Amino acid sequence: MPSRYEPLEFEAKWRKRWKAADLFRTREDPHRQKFYGLDFFPYPSGAGLSVGHLRNYIPTDVLCRMKHMQGRNVLHPMGWDAFGLPAENEAIAKKSHPAPMVREYAETYKRQEDLVGISYDWHRELNSSSPEFYRWTQWIFQLLYRKGLAYHGEYPANWCPKDKTVLANEEVEGGLCWRCGTRVEKRMLKQWFFKITAYAQRLLDDLEDLDWPEGIKQMQRNWIGRSEGVEFEWQVSRMELGAPKTEHNENAIVTHTEYMPVDGRSFRVFTTRIDTVYGATFCVLAPEHPLIDSIVPVHRHAEVADYIENAKRMSEQDRLATGRVKTGIFSGAFAKNPFTNEHVPIWIADYVLMGYGTGAIMAVPGHDERDHEFALKNELEIRQVIAPESMTAVELPFESEAGVLVSSGDFSGIACDEAQSRMGEWVESQGIGERKINYRLRDWLISRQRYWGSPIPVIHTEAGEIELVPEAELPVLLPDVDHYEPTETGESPLAAIPEFLNVTDSKGRPARRETDTMGGFACSSWYFLRFADPHNDEKAWDKKKADYWMPVDCYVGGAEHAVMHLLYARFWTKVLYDEGLVSCKEPFAVLRNQGMLLAPTPFREPRSNETIKVGEEGIQITYEEAQSLPEDQVFWRWEKMSKSKGNVVTPDEAVDKYGADALRVYELFEAPFSATIQWSDERVGGAINFLNRVFKLTDDFRENFEPNWRAALRSSSLSESELGLRQATHFAIRKITDDIETFAFNTAVSSLMEFRNSVADFAKHADNDRMESRSVMSEAVETLLLLLAPIAPHTSDEIWESYGFDGFTYQAEWPECDPRFLVKQTVTLVVQVNGKMRASFDAPAGLSPEDAEGIALEHERVLPFLEGKTVRKVIVVPDKIVNIVAN
RNA sequence: GCCCAGGUGGUGGAACGGUAGACACAGGGGACUUAAAAUCCCCCGGGGCAACCCAUGCGGGUUCGAUUCCCGCCCUGGGCACCA
């Protein structure tokens with residue numbers, strides 16, 4: 001038994017014992033209340049874990065351990081998001097096969113997680129690339145297909161030329177591939193989609209009841225991008241040849257322009273601001289708009305074709321680049337505004353996107369910034385049709401969120417919101433359109449032209465029809481091959497494997513197997529259900545088991561998955577709910593995002609306007625000063641740990657150097673859970689100090705420990721300091737329980753430190769000849785060990801055993817707070833004069849406001865501040881404060 | 001530009017609208033020690049001899065009382081970004 005924190009002497013021993021006792025195995029027990037704590041499904045990379053990853057795993061572990069001690073049946077599993085691009089790319093780079101590679105990497109992750117004492121139940125370990133798992137991923141695919149929620153269609157897909165595969169919209173970040181950063185191109189390809197758009201409204205509505213970070217919910221709302229508006233039709237016309245005609249009447253010359261409808265050609269526009277329709281002075285079609293070919297007059301063909309060709313050549317990123325001047329070209333055709341019967345020019349411009357709404361807009365340069373900019377450049381008419389409520393804003397484009405319609409025919413004088421509904425009704429009554437809700441959300445592109453994913457379990461018949469692979473034949477096994485590099489053609493490498501490709505359809509005719517695989521997000525969209533029943537080879541999961549465990553009570557991971565994984569998983573869960581396969585509408589009741597951990601990172605070339613640190617002491621210099629230093633000067637900045645930056649601290653190193661419990665305490669205590677922290681050896685030292693003090697305290701007291709303190713305390717009369725210790729004990733129980741529950745791990749640790757300090761203070765003056773004294777100390781020490789157990793489990797178990805307790809703290813009962821000890825007999829009342837603290841005095845709790853006021857007004861330290869003043873008012877907050885208002 | 005989250009000592013950070021700086025780290029002083037480590041005790045936002053005064057990014061407001069609530073700015077981090 002070490003008398004100080006010597007992790008090398010005991011931590012490994014406890015991990016071994018936990019394993020031998022199979023301590024963390026979850027057993028089904030329908031009679032106990034469950035707790036499902038889950039960390040995001042990681043892809044085990046070759047770099048292994050860094051101490052940064054532990055900011056995710058340690059807090060979840062603390063919560064799960066506490067829940068277990070509180071008597072909950074805890075499910076705390078871990079698995080490997082093994083399929084997908086990162087694994088495959090890494091395997092290609094290493095010229096190996098992803099399957100054994102991922103298994104090896106997963107072993108490292110597992111070993112490292114065990115090393116810091118994470119209480120995972122490895123009996124439920126999952127690997128999404130194992131046939132036992134992806135069999136059911138395929139099964140869910142087929143379910144979606146049968147429900148009409150999976151379809152195969154041609155689409156200008158995001159194509160990453162480096163990874164040689166298509167990407168989902170969510171996987172394109174600022175026009176770049178989210179994995180490799182290569183500029184994404186558009187390619188027309190036949191792809192598989194999941195119809196997530198059919199669930200857009202429910203995905204939006206059900207966010208309301210989730211206990212998730214507000215920022216993440218907001219990001220999902222933005223991504224779904226609901227907007228209410230009106231979609232309606234505009235007839236295409238052309239200017240009559242020879243027009244305009246002028247005509248003389250009695251007192252003026254009138255110019256008439258004749259327009260001819262283009263035989264029934266029309267297009268629809270979507271607008272959220274139908275109230276501005278009288279200000280629509282032109283229309284714009286996206287360059288890809290299918291109508292363009294048939295409306296452009298012959299004399300403009302060449303010029304228009306040239307513009308469209310240019311627009312197509314430009315990458316998505318260039319097209320969307322901020323600050324870019326909007327380009328466009330007049331089509332030569334006109335469109336008739338159904339409200340005004342005016343003919344306005346139709347332009348073609350790439351600031352209108354084919355993928356949203358109808359790919360065509362009515363442009364209102366008077367009230368829309370983008371249209372305004374375009375109109376100025378191309379000298380198009382700008383009209384004001386909304387008068388703001390206050391007449392202050394008269395600059396273009398007009399602010400028009402709230403106001404009254406002007407120059408809008410019969411609708412003039414009506415307020416914007418009122419006009420929106422009336423004009424919507426008018427459109428519907430004319431039969432030219434309808435009110436409509438649009439979503440920015442697109443269908444989820446799931447197919448990948450890559451090897452390392454679950455095969456899509458369908459075949460294509462000669463007739464071009466799609467058949468599902470019979471359920472009994474699932475899974476469609478991914479063939480084990482030596483060469484699986486992606487191709488240039490947009491075809492999966494599986495297409496080059498005849499044994500895989502060539503099959504027969506249900507009627508025995510030759511057919512072709514689908515060779516695309518599913519993107520990795522398919523696996524992570526349902527793995528949390530498989531943990532409920534991981535070894536079932538009859539079904540994806542037993543409904544009773546899933547109903548027992550779901551939803552996840554606490555889901556913890558990084559904020560970077562705000563839209564992709566978290567949206568897809570919600571979608572699948574809703575589909576499964578509709579099918580009656582699960583009883584929860586939402587998979588993750590509570591979501592928390594941990595903060596990052598940054599490490600000092602050396603670099604050579606400073607960026608302008610960054611704070612530059614030189615040397616170990618971190619002297620800060622300016623960018624200019626940095627320029628004058630020699631070229632090989634090394635600077636430091638804080639960066640996320642990554643292998644390529646060479647700043648990784650591994651759990652192995654940290655555990656070896658400081659110990660697992662010190663590492664745990666450090667990461668929990670350093671800052672709030674969701675805050676970014678900066679790795680500091682010095683501060684890990686602080687955690688070691690704390691654990692040492694716990695050892696010292698318990699070591700000093702061991703001989704005097706009273707195992708039967710409960711009975712002894714039942715009928716004893718305590719001294720003031722003994723009562724004080726019991727109060728500190730029960731206050732600590734309540735505070736630390738609440739803090740862990742609410743993810744305030746940093747204050748949980750600081751409260752634990754305070755509690756330990758109180759116990760140590762008591763011990764200093766304790767009279768160990770008194771039974772009462774030994775008993776309250778025993779209660780405090782035992783409680784301290786239990787409260788410490790989820791946070792520093794090795795230390796707790798080590799001391800626990802030395803005190804003669806059987807078993808592990810994990811199996812012990814979480815201490816219960818006795819509210820009688822939360823009530824203080826004596827309180828400190830603060831006296832303020834005009835809101836400034838001037839004095840304080842101790843008083844029995846529950847002192848009447850009158851008495852408190854009396855004492856305060858007579859207080860010697862208060863009197864000088866009242867001199868020459870009249871007391872106007874006295875505010876008394878019982879047991880807290882007396883504020884005297886005087887002037 | 002829009003949406004989130006923040007801005008508190010030398011540092012990390014605490015604070016149901018009620019004593020700003022808990023708990024720590026670093027630093028300083030002292031005890032023990034031949035010495036060092038460890039441990040223990042004391043000090044530690046700024047100014048002032050003191051009584052006190054100033055201080056939670058800036059400016060207003062609400063309140064008996066504001067780090068906390070409201071309005072307007074400034075800065076930092078993260079996300080989204082021509083979505084009509």
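On a predicted model such as this, the values are computed, not experimentally measured, just so you know. Only this structure's heavy atoms are used, side chains among them; waters, hydrogens and symmetry mates stay out. In what follows, every chain begins at residue 1, and chains take the letters A, B, ... in the order their sequences are listed.
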Expressed as a whole number of angstroms, how long is the span from [X]:[atom1] to [N]:[atom2]?
{"X": "A/Asp681", "N": "B/rG12", "atom1": "CG", "atom2": "P", "value": "17 Å"}
{"X": "A/Gln832", "N": "B/rU63", "atom1": "CD", "atom2": "C1'", "value": "12 Å"}
{"X": "A/Phe865", "N": "B/rA51", "atom1": "CZ", "atom2": "C1'", "value": "8 Å"}
{"X": "A/Glu560", "N": "B/rG79", "atom1": "CD", "atom2": "P", "value": "10 Å"}
{"X": "A/Leu668", "N": "B/rG13", "atom1": "CG", "atom2": "C1'", "value": "15 Å"}
{"X": "A/Leu598", "N": "B/rG78", "atom1": "CG", "atom2": "C1'", "value": "12 Å"}
{"X": "A/Glu670", "N": "B/rA26", "atom1": "CD", "atom2": "C1'", "value": "13 Å"}
{"X": "A/Ile881", "N": "B/rG17", "atom1": "CD1", "atom2": "P", "value": "14 Å"}

For the side chain of [X], counting heavy atoms from C-beta on, which of [options] is nearest?
{"X": "A/Asn883", "options": "B/rG18, B/rA15, B/rC41", "answer": "B/rG18"}
{"X": "A/Lys326", "options": "B/rC82, B/rG18, B/rA15", "answer": "B/rC82"}
{"X": "A/Lys836", "options": "B/rC54, B/rC23, B/rC53", "answer": "B/rC54"}
{"X": "A/Glu682", "options": "B/rG18, B/rA14, B/rC25", "answer": "B/rC25"}
{"X": "A/Met837", "options": "B/rU19, B/rA14, B/rC23", "answer": "B/rU19"}
{"X": "A/Ser227", "options": "B/rA84, B/rG13, B/rA26", "answer": "B/rA84"}
{"X": "A/Arg4", "options": "B/rA14, B/rC80, B/rA38", "answer": "B/rA38"}
{"X": "A/Asn746", "options": "B/rA24, B/rG13, B/rA22", "answer": "B/rG13"}

Just to be sure I understand the rule, does [X] reach a base, reach only the sugar-phosphate, or reach nothing, if contact means heavy atoms closer than 4.0 Å?
{"X": "A/Arg693", "result": "sugar-phosphate"}
{"X": "A/Thr271", "result": "sugar-phosphate"}
{"X": "A/Val877", "result": "base"}
{"X": "A/Asp371", "result": "nothing"}
{"X": "A/Tyr439", "result": "nothing"}
{"X": "A/Lys735", "result": "nothing"}
{"X": "A/Gly686", "result": "sugar-phosphate"}
{"X": "A/Ser674", "result": "nothing"}
{"X": "A/Pro672", "result": "sugar-phosphate"}

Using the [atom1] atom as the reference point in each nucleotide, state the distance between [N] and [M] in Å, no decimals.
{"N": "B/rC69", "M": "B/rG7", "atom1": "P", "answer": "11 Å"}
{"N": "B/rA24", "M": "B/rC75", "atom1": "P", "answer": "38 Å"}
{"N": "B/rU11", "M": "B/rU63", "atom1": "C1'", "answer": "35 Å"}
{"N": "B/rA55", "M": "B/rC4", "atom1": "C1'", "answer": "30 Å"}
{"N": "B/rG46", "M": "B/rC2", "atom1": "C1'", "answer": "40 Å"}
{"N": "B/rG72", "M": "B/rC64", "atom1": "P", "answer": "24 Å"}
{"N": "B/rU8", "M": "B/rA20", "atom1": "C1'", "answer": "8 Å"}
{"N": "B/rC16", "M": "B/rG1", "atom1": "C1'", "answer": "38 Å"}

Taking pairing as Watson-Crick or G-U wobble with both contacts under 3.5 Å, can you name the mate of [N], or confirm there isn't one?
{"N": "B/rG6", "result": "B/rC75"}
{"N": "B/rC80", "result": "B/rG1"}
{"N": "B/rU39", "result": "B/rA31"}
{"N": "B/rC23", "result": "B/rG12"}
{"N": "B/rG18", "result": "B/rC64"}

Hey, does the Lys NZ or Arg CZ of A/Lys326 hover above the aromatic six-ring of A/Phe374, less than 6.0 Å from the centre and inside 45° of the axis?
-> no
Test the A/Arg4-A/Phe695 pair against the cation-pi criterion, namely NZ or CZ under 6.0 angstrom from the six-membered ring centroid and within 45° of the ring axis.
-> no
Check A/Trp679, A/Tyr658, A/Tyr666 against A/Val51 for a side-chain contact (heavy atoms from CB on, under 4.5 Å) and give me the one that passes.
-> A/Trp679
Specify the residue among A/Met596 and A/Ile216 whose closest nucleotide of RNA chain B lies further upstream toward the 5′ end.
-> A/Ile216
Contact nearer the 5' end of RNA chain B, comparing A/Arg683 with A/Ala687 |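 That would be A/Arg683.
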Taking only side-chain N and O atoms of [X], does any of them lie within less than 4.0 angstrom of OP1 or OP2 on [N]?
{"X": "A/Asn689", "N": "B/rC25", "answer": "yes"}
{"X": "A/Lys696", "N": "B/rA38", "answer": "no"}
{"X": "A/Lys880", "N": "B/rG18", "answer": "no"}
{"X": "A/Arg838", "N": "B/rC53", "answer": "yes"}
{"X": "A/Asn757", "N": "B/rA24", "answer": "yes"}
{"X": "A/Tyr356", "N": "B/rA84", "answer": "yes"}
{"X": "A/Asn222", "N": "B/rC2", "answer": "no"}

Look at atom [atom1] of [X] and say whether more than 12 heavy atoms of other residues, nucleotides or ligands are closer to it than 6.0 Å.
{"X": "A/Lys217", "atom1": "NZ", "answer": "yes"}
{"X": "A/Lys377", "atom1": "NZ", "answer": "yes"}
{"X": "A/Glu867", "atom1": "CD", "answer": "no"}
{"X": "A/Arg221", "atom1": "CZ", "answer": "yes"}

Got a salt bridge between A/Arg268 and A/Glu434, using NZ or NE/NH1/NH2 to carboxylate O under 4.0 Å?
-> yes
Does the pair A/Arg637/A/Glu639 count as a salt bridge with the N-to-O cut at 4.0 Å?
-> yes
State the syn/anti category of B/rG45 according to its glycosidic angle, syn meaning within 90° of 0.
-> anti
Between A/Val871 and A/Ala886, which heavy-atom pair has the shortest distance, and what is it?
->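 Shortest heavy-atom contact: CA-CB, 4.1 Å.
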